[in-house]
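All of these numbers come straight from a predicted model, not from anything done at the bench.
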Amino acid sequence: MKQTRNAMTHAQRMSAPSSKMLTIGTTAALSCAMLLTAFPAHAYVGPGAGLSLLSALWAVLAAILVAVGFVLMWPIRKMMRKRKANRTTAQNSTTESTKHSSS
């Protein structure tokens with residue numbers, strides 16, 4: 001059995017570095033380098049656009065904080081309501097027993 005020049009065994013293919021992988025790695029490295037390099041923008045953002053951006057950011061942050069606060073406060077509010085209901089029931093039963101014993 002003759003092996004042609006392009007035919008490789010499975011072990012040879014697994015150990016040989018793939019040129020496609022090198023290309024992907026090189027592309028990823030260049031992409032990261034370009035993203036991490038700062039270039040001058042040569043642009044002007046006016047005060048109106050800046051204030052609009054800041055107010056929108058504050059609104060989003062406030063909404064997130066309020067939502068988290070409500071989720072965290074839910075068990076506490078539920079416990080307080082249950083406590084109040086138990087207290088009201090205990091007072092009602094005490095007044096009922098007092099009315100029955102006095103008559």
| message | Holding to side chain to side chain contact (heavy atoms under 4.5 Å, CB included), I want the full list of residues that pass it with R87, two or more places apart in sequence or in another chain. | response | R83, Q91
| Which hydrophobic side chains are connected to W74, either touching it within the sub-4.5 Å cutoff or through other members that do? | none
Check residues 55-67 and write down every donor-acceptor pair under 3.5 Å in which the side-chain atom is one partner and the other belongs to a residue at least two apart or another chain.
| unit_1 | atom_1 | unit_2 | atom_2 | d |
| --- | --- | --- | --- | --- |
| S55 | OG | L51 | O | 3.1 |
| S55 | OG | S52 | O | 3.0 |

| For T88, what residues pass the side chain to side chain contact (heavy atoms under 4.5 Å, CB included) criterion, not counting sequence neighbours? | K84, N92
| message | Within the supplied structure, the quantity of interest is the number of heavy atoms (other residues, nucleotides, ligands) at a distance under 6.0 Å from M34 CE; does it exceed 12? | response | no
| said: Test question: given the 4.5 Å side-chain rule for I, L, V, M, F, W and Y, name all other residues clustered with I76, or answer none. | reply: M73, M80
